[in-house]
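Take a look at the structure below.
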12 protein chains.
Amino acid sequence: MSKSPITSSLSDSDKASVATVLQATLVDLIDLSLAAKQAHWNVVGKNFRSVHLQLDELVTTARTYTDEVAERASALGISPNGKAKTVAESSGVPEFPDNWLKEEDVVTAVVAALAKLIERLRDRIDETDKSDLVTQDLLIEITKQLEQAHWMWQAQQA
Amino acid sequence: MSKSPITSSLSDSDKASVATVLQATLVDLIDLSLAAKQAHWNVVGKNFRSVHLQLDELVTTARTYTDEVAERASALGISPNGKAKTVAESSGVPEFPDNWLKEEDVVTAVVAALAKLIERLRDRIDETDKSDLVTQDLLIEITKQLEQAHWMWQAQQA
Amino acid sequence: MSKSPITSSLSDSDKASVATVLQATLVDLIDLSLAAKQAHWNVVGKNFRSVHLQLDELVTTARTYTDEVAERASALGISPNGKAKTVAESSGVPEFPDNWLKEEDVVTAVVAALAKLIERLRDRIDETDKSDLVTQDLLIEITKQLEQAHWMWQAQQA
Amino acid sequence: MSKSPITSSLSDSDKASVATVLQATLVDLIDLSLAAKQAHWNVVGKNFRSVHLQLDELVTTARTYTDEVAERASALGISPNGKAKTVAESSGVPEFPDNWLKEEDVVTAVVAALAKLIERLRDRIDETDKSDLVTQDLLIEITKQLEQAHWMWQAQQA
Amino acid sequence: MSKSPITSSLSDSDKASVATVLQATLVDLIDLSLAAKQAHWNVVGKNFRSVHLQLDELVTTARTYTDEVAERASALGISPNGKAKTVAESSGVPEFPDNWLKEEDVVTAVVAALAKLIERLRDRIDETDKSDLVTQDLLIEITKQLEQAHWMWQAQQA
Amino acid sequence: MSKSPITSSLSDSDKASVATVLQATLVDLIDLSLAAKQAHWNVVGKNFRSVHLQLDELVTTARTYTDEVAERASALGISPNGKAKTVAESSGVPEFPDNWLKEEDVVTAVVAALAKLIERLRDRIDETDKSDLVTQDLLIEITKQLEQAHWMWQAQQA
Amino acid sequence: MSKSPITSSLSDSDKASVATVLQATLVDLIDLSLAAKQAHWNVVGKNFRSVHLQLDELVTTARTYTDEVAERASALGISPNGKAKTVAESSGVPEFPDNWLKEEDVVTAVVAALAKLIERLRDRIDETDKSDLVTQDLLIEITKQLEQAHWMWQAQQA
Amino acid sequence: MSKSPITSSLSDSDKASVATVLQATLVDLIDLSLAAKQAHWNVVGKNFRSVHLQLDELVTTARTYTDEVAERASALGISPNGKAKTVAESSGVPEFPDNWLKEEDVVTAVVAALAKLIERLRDRIDETDKSDLVTQDLLIEITKQLEQAHWMWQAQQA
Amino acid sequence: MSKSPITSSLSDSDKASVATVLQATLVDLIDLSLAAKQAHWNVVGKNFRSVHLQLDELVTTARTYTDEVAERASALGISPNGKAKTVAESSGVPEFPDNWLKEEDVVTAVVAALAKLIERLRDRIDETDKSDLVTQDLLIEITKQLEQAHWMWQAQQA
Amino acid sequence: MSKSPITSSLSDSDKASVATVLQATLVDLIDLSLAAKQAHWNVVGKNFRSVHLQLDELVTTARTYTDEVAERASALGISPNGKAKTVAESSGVPEFPDNWLKEEDVVTAVVAALAKLIERLRDRIDETDKSDLVTQDLLIEITKQLEQAHWMWQAQQA
Amino acid sequence: MSKSPITSSLSDSDKASVATVLQATLVDLIDLSLAAKQAHWNVVGKNFRSVHLQLDELVTTARTYTDEVAERASALGISPNGKAKTVAESSGVPEFPDNWLKEEDVVTAVVAALAKLIERLRDRIDETDKSDLVTQDLLIEITKQLEQAHWMWQAQQA
Amino acid sequence: MSKSPITSSLSDSDKASVATVLQATLVDLIDLSLAAKQAHWNVVGKNFRSVHLQLDELVTTARTYTDEVAERASALGISPNGKAKTVAESSGVPEFPDNWLKEEDVVTAVVAALAKLIERLRDRIDETDKSDLVTQDLLIEITKQLEQAHWMWQAQQA
């Protein structure tokens with residue numbers, strides 16, 4: 001079914017612009033949730049328990065906004081694509097290391113991933129200023145949460 | 001860090017056998033959770049609301065056992081790998097269709113995915129009968145839940 | 001008591017502009033809640049139970065924002081008017097059919113009502129961009145919720 | 001759909017009698033909930049907070065029984081009508097004042113509205129003694145709640 | 001122990017009348033709960049999930065009042081009998097079909113069972129008007145719940 | 001303040017009749033709650049713990065209906081009197097024994113107190129059949145609860 | 001509908017074997033729940049309250065596993081039959097006495113019923129060792145719960 | 001049963017001293033709870049709702065410590081006496097006025113009652129300094145709660 | 001440690017602008033929470049209880065946003081300063097009176113404090129429109145809450 | 001690590017005195033919790049269920065104060081020792097009988113154990129009057145709880 | 001309003017003594033809560049998350065007792081003063097460092113602050129032994145909580 | 001009482017075998033809970049808070065399975081023995097060090113204790129394969145939980 005069964009009040013060009021933004025954000029967030037779970041299972045080190053728990057909070061954040069972003073797309077008549085293959089091919093999250101991981105390496109990788117996502121989100125906030133203020137509001141909220149997480153992970157490097 | 005920092009009481013051969021079983025189950029379950037979310041966002045039809053909600057229950061089941069399987073691996077000193085790329089390359093779940101989906105197509109795809117996973121799990125229950133009864137017990141529990149889900153989805157085809 | 005006992009920091013012209021926007025939104029939302037309850041009681045059809053429940057979720061959404069909109073008006077020194085007569089006379093929600101209703105007719109009526117409200121809200125988001133960003137933020141949130149509801153009801157027509 | 005798809009065990013004459021009683025009660029209760037909300041937003045005075053909260057308790061009572069009355073009608077095959085226009089035209093609640101309201105005026109208006117509703121309900125309890133004891137039981141319960149509310153509001157006038 | 005160890009303030013004739021009424025209601029409600037569970041497990045069809053859930057709500061209603069009716073009997077010194085054999089021999093619920101059931105057949109069977117029970121209960125409300133108003137009040141409440149359920153199931157046939 | 005600040009829709013004669021009934025019921029219930037607490041603290045015997053807990057359930061029942069009865073009086077403009085002196089002078093509950101009490105003596109005293117109260121309540125149900133059906137409904141509910149308690153205490157004498 | 005609309009991965013002979021086991025367990029558990037309720041209402045004696053409460057815990061256990069067993073059957077494509085007639089005809093629980101029951105007779109009857117059910121379940125655990133390990137796991141869990149209950153009831157005979 | 005079945009480690013003279021203190025405190029607190037309920041039902045005035053609610057908080061405080069004091073007595077082998085007659089005869093709470101009460105009269109009466117109880121409690125704290133530190137600790141806690149309540153009621157007189 | 005260990009994606013000038021805004025808001029909100037607590041403890045008057053409770057709601061609001069504002073600063077690499085000395089020196093909340101306070105004086109002081117804070121916040125919303133939309137969104141939310149509180153306190157002056 | 005890493009404001013002699021008191025109390029309470037669990041598993045008799053449950057409440061009390069006592073020691077720089085060997089060697093709880101136990105023997109043993117512990121605690125309350133009032137306060141609270149438990153167990157011997 | 005509207009049963013000299021103690025404790029606790037929040041926002045280091053969370057527990061403790069101490073003062077007719085200026089001028093907590101803080105510096109500062117407060121509280125426990133045992137009891141409880149916190153923070157220095 | 005009052009369906013030899021297994025497991029788990037509490041109170045080091053909390057989770061796990069194992073024994077007619085002396089004499093947990101403990105020493109001791117218990121449990125799983133599958137299932141569950149804990153503690157050594 002390639003023609004959208006869901007209509008919206010956006011113009012075609014605004015909808016196209018928003019579609020690109022939401023699809024890219026969706027893929028980034030799914031990949032973040034998978035990477036954080038990967039670290040949750042593979043981290044070792046003196047602070048194991050604290051990092052293990054903190055990673056699950058990051059998974060929860062990522063999953064919550066994954067769903068909000070995908071459902072925002074659906075609400076505008078844009079079919080979201082969050083399949084494993086799509087994520088593997090188009091995510092903006094840096095490649096996450098395999099195997100057991102020292103806790104300091106986990107911190108480094110998470111800080112890098114969050115910095116990358118925040119940078120991409122800030123560009124998208126600008127892009128939606130013209131096309132859809134409702135979508136922009138959601139992106140602002142996600143950015144706020146990820147910037148808070150970025151601080152809390154970066155504080156562990158000091 | 002390629003040498004495992006976590007030791008277990010299993011013999012090397014039993015551990016190798018269990019490692020294969022758990023890694024494959026992990027990938028299957030992650031893919032099931034992503035496919036179910038994909039359907040959750042893209043389904044349309046008269047029963048939209050019911051199918052939409054039922055898919056999220058399936059996501060919850062898949063995520064719960066994803067975590068149990070990965071943590072079982074970690075507990076035995078086996079590093080689990082649940083990254084997007086790994087899932088895209090090695091999942092046993094049949095390819096899930098793109099774009100908006102009629103509810104009957106969702107039901108068909110979910111029933112097929114569950115049947116496939118159950119078949120693979122039943123083989124793994126046999127494989128672990130010799131190597132690790134604790135892992136076998138977890139696989140039995142997962143199979144029971146997926147067989148219940150399989151019935152509830154298949155009942156909608158009658 | 002016609003002179004407002006509540007003062008605000010808005011200029012008179014901004015306040016007048018915001019007053020019009022909030023009063024109109026208040027009436028629309030009350031009417032939506034009454035229409036959704038009317039359907040909740042009168043719907044019949046194979047999917048009765050699902051539609052009956054979904055309508056009560058819509059009532060909850062409408063009532064929640066009714067209260068937020070009215071209290072936003074009060075906070076700015078604007079007396080809100082949500083009496084039955086006012087609603088009957090000035091609502092923007094299309095006339096809702098009397099008597100028992102087939103479920104597909106309920107879906108059609110709800111989709112139409114939501115589309116109308118969203119269209120009116122999007123205009124008001126623009127109007128408040130100059131007069132009051134706080135009120136605009138509330139309208140953006142309401143629009144997001146109604147667009148999500150619109151998708152979920154429209155999906156049942158596919 | 002004007003012929004009722006729902007059947008009941010009441011005789012036609014009992015059903016007609018009960019229909020009149022329930023429809024009138026439904027309209028009264030919806031109007032009470034709208035009037036109480038109107039006061040909730042517009043009341044001012046030294047006791048603002050207490051009256052504001054007490055009004056929301058009255059709204060909750062009115063909404064709860066609105067639903068019970070309407071669903072009792074549906075259960076008997078009587079299509080309930082609670083639309084804004086119907087309420088505006090047929091409510092037995094005295095016209096509620098517009099604009100900001102002094103708290104003593106709110107108390108006066110609420111006491112008057114409750115006294116009127118109780119009087120009408122007591123007549124309907126008598127009417128249903130012959131036609132339907134189940135409906136009568138519901139009306140008795142509503143009367144009890146409104147008489148308790150009436151006392152609590154009137155006590156503020158002493 | 002055939003002589004009742006529990007005494008009550010009812011006269012012997014009132015007690016005998018009430019005993020017949022409560023024992024018959026007890027058996028009807030137990031049979032309703034077993035029939036609804038039977039359908040809960042055996043239903044198939046597009047609406048499987050919704051009907052499956054709704055049947056469990058009916059089971060809960062039936063079990064709740066089963067207990068209230070039996071304990072009302074005990075409170076009056078009447079020994080209640082709710083054993084399988086007693087139910088099989090004296091229930092007023094129409095014979096429920098064996099094996100897997102299409103959802104429309106489930107709806108038909110449930111509507112018929114509820115209609116039958118309501119009819120029997122209305123007779124018993126009349127019978128207890130003279131013998132025990134406390135028991136009558138319980139029967140009125142049960143009738144109200146079953147008439148609401150009857151509407152919700154019948155609405156699916158429209 | 002001897003003239004009632006609260007008005008009701010009852011005629012003077014009905015109100016006088018209901019006033020007598022409610023005041024007497026209030027005093028009985030307060031005395032029951034004090035007697036049950038007295039036993040709660042003074043009971044001894046092999047079943048101490050079970051009787052001690054069951055007495056507190058009786059206290060809760062008595063307190064709940066004490067409040068409902070007194071507030072029903074207030075709602076009708078009848079000033080309730082539940083002071084210690086009033087209770088000591090006019091209660092219908094048999095004098096409760098002082099000092100430590102064997103559990104079988106507690107059971108005997110509680111069964112006697114409940115039997116007395118139920119007998120008095122059944123008379124009052126008849127008295128209110130003409131004067132106020134709303135009050136009657138409350139008395140029926142109280143009777144039902146006390147008859148259930150009576151059974152559960154009497155069952156321990158068998 | 002005699003041909004099963006639900007398929008499973010078991011061979012025909014394994015499925016037939018499991019079907020016999022699950023159907024028999026289902027009937028036993030329903031009968032246990034009805035017998036325990038019967039005792040719950042009819043028990044008398046000094047320990048009334050404790051036995052009355054303990055019986056309801058047994059009812060809850062029996063109902064929980066009734067549902068799990070029936071749904072396990074459905075999941076394997078086996079139509080479960082839990083109607084009153086079926087239970088009356090094929091239950092393995094010894095005939096439960098009618099009328100009021102002394103608490104020691106209740107204890108004796110419950111201990112006997114549980115001993116019988118445990119014996120039958122242990123045989124079925126052996127039978128399913130070859131046919132279906134998932135079903136066996138459920139039977140092991142039920143046996144564990146019933147053996148715990150058996151101890152707690154038997155301890156009262158010492 | 002006049003000889004105490006409960007023993008304690010206190011000397012006879014300490015026990016006699018503590019018995020007097022606890023029995024007097026018990027009676028005071030029961031009377032406080034009855035007086036506060038009396039006011040809860042009979043208060044009228046502009047602040048009705050607030051005073052009505054605050055009185056119930058006082059009832060809860062009084063009841064909580066009534067139970068703690070009585071159970072402290074039992075724990076020391078002292079039979080507590082909290083019957084209506086005992087309270088009517090020996091309470092230290094000033095006589096509470098009958099009939100409907102203006103809110104300012106309620107405040108005056110409550111402040112006076114609390115001041116009286118606090119004064120009596122402070123004497124008892126001194127008395128128990130020698131006889132039983134555990135009882136003293138309980139009296140200190142009660143005094144703290146009543147002094148807090150005294151402030152909150154007195155603040156309304158300013 | 002004067003060099004910030006936390007980095008952000010803002011330019012230096014935007015960060016400096018946001019730092020001033022957030023630090024000033026932080027100090028205002030802490031001072032509001034301390035002033036509201038001061039009033040909570042020192043208020044007297046007929047409405048004591050209502051004002052006392054309402055002040056604690058204001059404390060909760062102030063504390064919630066204090067934390068959000070300070071953590072927003074940290075997330076951007078700006079060290080927040082909320083020490084007592086800093087608050088005493090730089091708060092924008094008008095000096096709060098010492099000693100016991102009549103309730104009308106509390107209302108006057110709270111309304112004045114809220115009006116001042118709202119005025120300052122509206123300026124900061126403008127300032128952040130260029131520098132950081134995420135911070136602006138937080139300021140909009142705080143303004144909404146404070147304007148609501150302002151209405152509810154001012155309504156008591158009417 | 002024999003030198004304490006935790007310092008306190010107590011003098012050396014006060015600390016030594018308190019150390020003896022807390023270590024002895026810790027051992028007593030651990031032994032009480034183990035003895036109560038032992039009885040919880042081994043009790044038999046008509047009152048099995050009630051005694052079984054009451055024992056678990058005693059375990060909870062013992063465990064709660066075990067933790068408070070040990071952490072009080074740690075807070076004062078005293079290393080607590082609660083190992084099995086230490087408990088076996090230095091507990092003040094009388095030797096508890098092995099094997100299955102008749103309920104009256106359990107009651108006797110528990111009453112004796114509690115009497116012994118209370119006696120020892122009362123001595124320690126005196127000892128800490130000079131050395132540490134904070135520790136004394138904790139011992140007073142424990143004594144109150146154990147004296148309440150002592151009453152409830154002893155009441156079963158009457 | 002400089003003359004206290006709240007009276008108490010303390011003598012003037014006892015009240016003056018208690019006033020000094022409570023006011024000083026109030027200021028110390030407010031400053032502790034502000035310092036702990038300051039650290040909560042500014043801490044960095046490997047253990048960031050754990051220290052960040054632990055600081056919020058300290059804030060909660062400080063705020064809870066701040067309120068209890070201030071309300072104890074009010075209850076005795078002593079006007080508490082907890083304004084920012086008062087805290088800045090009279091707190092006994094050592095000056096807390098500005099700017100970002102290494103976690104070990106946070107631990108050092110918190111341990112020092114707690115040691116200082118405990119020392120001051122122990123003096124005040126002595127002072128109130130004569131003037132007011134109720135206030136003393138509150139100070140003992142606060143000391144216990146702060147000594148526990150002191151241990152947990154100091155343990156991190158070992 | 002040396003002859004067991006509880007009977008089971010196991011043969012004498014199976015019962016003897018299971019008795020040995022369960023008694024040994026019981027003692028191991030009680031000792032683990034005491035050792036973990038000992039560490040909970042005596043640990044010091046930078047990670048104090050995290051290790052302190054994690055030890056309490058281990059205590060909870062150990063206590064939960066202690067109860068399940070002992071009650072499984074009782075259910076089979078085997079009297080469990082969990083007294084301090086028995087634990088001190090027969091536990092398989094390595095001797096736990098006295099006095100304050102560095103966190104790395106705690107980690108080492110816990111990892112060693114868990115490794116030892118898991119090894120012993122795996123042997124017992126084999127032993128019960130013939131004697132009692134229900135007991136085996138419980139041992140498998142305990143092993144799974146302890147292996148998970150073993151991983152989480154060992155991960156801190158990496």
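The chains referred to below are lettered A, B, ... by the order of the sequence lines, with proteins before strands, and numbering in each begins at 1. As a basis for the values below, the full set of heavy atoms in this structure was taken, side chains included, without hydrogen atoms, waters or symmetry mates. Model, not experiment: these values are computed from the prediction.
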(message) Let's test your reading of the structure: which of E/A35, E/P97, E/S74 forms the most heavy-atom pairs below 4.5 Å with chain G?
(response) E/S74
(request) Could you tell me whether E/K83 and G/D98 have a side-chain N and a carboxylate O separated by less than 4.0 Å? (result) yes
(request) Measure distances from E/E89 to the heavy atoms of chain G and classify the residue's part below 4.5 Å as side chain, backbone, both or neither. (result) neither
(request) Considering only heavy atoms and a distance below 4.5 Å, find which of E/A73, E/P80, E/A70 pairs most often with chain G. (result) E/P80
(request) Go through the steps to decide whether E/T143 and E/R122 satisfy the test side chain to side chain donor-acceptor pair (under 3.5 Å), and finish with yes or no. (result) CA-CA 7 Å; E/T143 303; E/R122 288 212 164 252; over 6 Å; no
(message) Heavy-atom cut-off 4.5 Å, strictly under: side chain, backbone, both or neither for E/N81 against chain G?
(response) both
(message) Taking side-chain contact (heavy atoms from CB on, under 4.5 Å) as the criterion, tell me which of G/V51, G/V43, G/V44 meets it with G/N47.
(response) G/V51
(message) Quick check on the interface: out of E/K37, E/Q38, E/E95, E/K85, who has the most heavy-atom pairs with chain G under 4.5 Å?
(response) E/Q38
(message) Less than 4.0 angstrom from a charged side-chain N to a carboxylate O is my criterion; do E/D28 and E/K116 meet it?
(response) no
(request) Please report the closest heavy-atom contact between E/V93 and E/A113, naming both atoms and the distance. (result) CG1-CB, 3.9 Å
(request) Answer with side chain, backbone, both or neither: which region of E/D67 has an atom nearer than 4.5 Å to a non-hydrogen atom of chain G? (result) both
(message) Does any backbone or side-chain atom of E/I78 lie under 4.5 Å from a heavy atom of chain G? Answer side chain, backbone, both or neither.
(response) backbone
(message) Regarding E/K130 and E/D14, does a basic nitrogen lie under 4.0 Å from an acidic carboxylate oxygen?
(response) no
(request) Counting only heavy atoms closer than 4.5 Å, note whether E/T66 contacts chain G via side chain, backbone, both or neither. (result) both
